[in-house]
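Read through the structure below, which is laid out as structure tokens, and then see the notes.
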Amino acid sequence: MFLREYVPQSLRDAWRAEFEQLYQGAMTVSEYAICFSELARHAPSQVATVSESVRRFIEVLHPSIRTNMARELEINITYQQAVSIARRVEDMFARDIEEREANRSRETGHYSGASAPATRYGRGFVSCPIYLALPAANGVPAHPNPFRSPIMHR
């Protein structure tokens, strides 16, 4: 009622168009949910029911989150439940990325003497590039101990 009387139609149309073009992009799920809720008020025909609102919310999430929420499109959940699940999926992805980066830095070590990273295999076997084990042209090895991997400098 308030919007119809005090907000120009052109502004309401702009908000509706913004809602139609809304997608998560680089926003967090929380930021996206806030934008979604604010703009959905101006597009009531597109989110007339809870299931339509949930479907629209999930469909424009980041693809990695959206694919993990496909089941939620088939069951009857509330909008708040969809937001909560999306936040949990986002948190799991963030933890996975942190773990991968921690493992990567732990595997490559912080030693800068080798020009190529060593590869770690099961049970501690470490492979380093063959040129590190070969003597240099002047007779001095390229690495002080070519068979000792940078990983083993812990």
Side-chain angles (χ1 to χ4, degrees), residues 1-132 143 148-154:
M1 184 66 130
F2 173 82
L3 289 175
R4 269 190 235 141
E5 291 193 30
Y6 298 104
V7 177
Q9 182 65 41
S10 61
L11 185 54
R12 289 183 286 162
D13 290 343
W15 285 332
R16 188 173 20 265
E18 192 174 346
F19 177 75
E20 290 170 358
Q21 296 173 3
L22 178 67
Y23 64 97
Q24 182 185 4
M27 290 185 277
T28 66
V29 170
S30 296
E31 293 167 336
Y32 165 66
I34 291 168
C35 289
F36 184 91
S37 296
E38 289 294 317
L39 293 172
R41 295 182 305 143
H42 305 291
S45 63
Q46 294 180 10
V47 288
T49 66
V50 172
S51 63
E52 289 174 351
S53 182
V54 168
R55 180 193 50 76
R56 170 78 175 139
F57 176 81
I58 292 173
E59 283 179 350
V60 292
L61 281 167
H62 189 275
S64 60
I65 298 173
R66 180 179 59 230
T67 55
N68 283 286
M69 294 189 64
R71 184 179 68 90
E72 281 72 21
L73 289 171
E74 303 300 320
I75 60 175
N76 192 15
I77 62 171
T78 67
Y79 172 74
Q80 290 304 322
Q81 288 171 319
V83 171
S84 178
I85 293 167
R87 283 184 184 143
R88 279 187 265 153
V89 171
E90 179 181 56
D91 288 345
M92 288 188 309
F93 276 119
R95 279 195 310 266
D96 288 348
I97 290 170
E98 287 174 7
E99 288 174 8
R100 275 193 299 254
E101 288 177 3
N103 287 339
R104 187 178 315 139
S105 67
R106 194 172 27 237
E107 287 175 359
T108 59
H110 297 290
Y111 181 77
S112 61
S115 59
T119 305
R120 178 176 282 251
Y121 296 99
R123 297 189 182 196
F125 174 75
V126 178
S127 169
C128 62
I130 188 69
Y131 62 84
L132 291 177
H143 187 279
R148 186 166 179 204
S149 165
I151 293 174
M152 302 181 93
H153 285 284
R154 295 180 193 217

| request: Look at Asp91 together with Arg88 and state whether they make a salt bridge at an N to O cut-off of under 4.0 Å. | output: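 Arg88 and Asp91: not salt-bridged.
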Do [X] side-chain atoms and [Y] backbone N/O form a donor-acceptor pair below 3.5 Å?
{"X": "Glu52", "Y": "Ala48", "result": "yes"}
{"X": "Arg16", "Y": "Ala43", "result": "no"}
{"X": "Glu72", "Y": "Ala82", "result": "no"}
{"X": "Arg56", "Y": "Glu20", "result": "yes"}
{"X": "Thr67", "Y": "Pro63", "result": "yes"}
{"X": "Arg66", "Y": "Ile58", "result": "no"}

Should we count [atom1] of [X] as having more than 12 external heavy atoms under 6.0 Å?
{"X": "Asp96", "atom1": "CG", "answer": "yes"}
{"X": "Phe93", "atom1": "CZ", "answer": "yes"}
{"X": "Glu74", "atom1": "CD", "answer": "no"}

Enter the distance from [X]:[atom1] to [Y]:[atom2] here, rounded to the nearest 0.5 Å.
{"X": "Tyr32", "Y": "Ser37", "atom1": "OH", "atom2": "OG", "value": "9.5 Å"}
{"X": "Gln46", "Y": "Leu39", "atom1": "CD", "atom2": "CG", "value": "10.5 Å"}
{"X": "His62", "Y": "Met27", "atom1": "NE2", "atom2": "CE", "value": "11.5 Å"}
{"X": "Met92", "Y": "Ser64", "atom1": "CE", "atom2": "OG", "value": "10.5 Å"}
{"X": "Gln81", "Y": "Asn76", "atom1": "CD", "atom2": "CG", "value": "8.5 Å"}

Close side-chain approach of [X] to [Y], heavy-atom, < 4.5 Å:
{"X": "Val60", "Y": "Leu22", "result": "no"}
{"X": "Arg55", "Y": "Leu73", "result": "yes"}
{"X": "Val47", "Y": "Phe57", "result": "no"}
{"X": "Val7", "Y": "Trp15", "result": "yes"}

Requested in this report: Quick one: closest heavy-atom pair of Thr78 and Val50, and the distance?
Outcome: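 Minimum heavy-atom contact is CA-CG1, 4.0 Å.
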### Heavy-atom pair of closest approach, residues Met69 and Ile85
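Scanning both residues, the minimum pair turns out to be CE-CG2, 3.8 Å.
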- Query: Distance only, no hydrogens: is a donor on one side chain within 3.5 Å (strictly under) of an acceptor on the other, for Thr49 and Ser51?
  - Reply: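 Yes, Ser51 and Thr49 have a side-chain donor paired with an acceptor closer than 3.5 Å.
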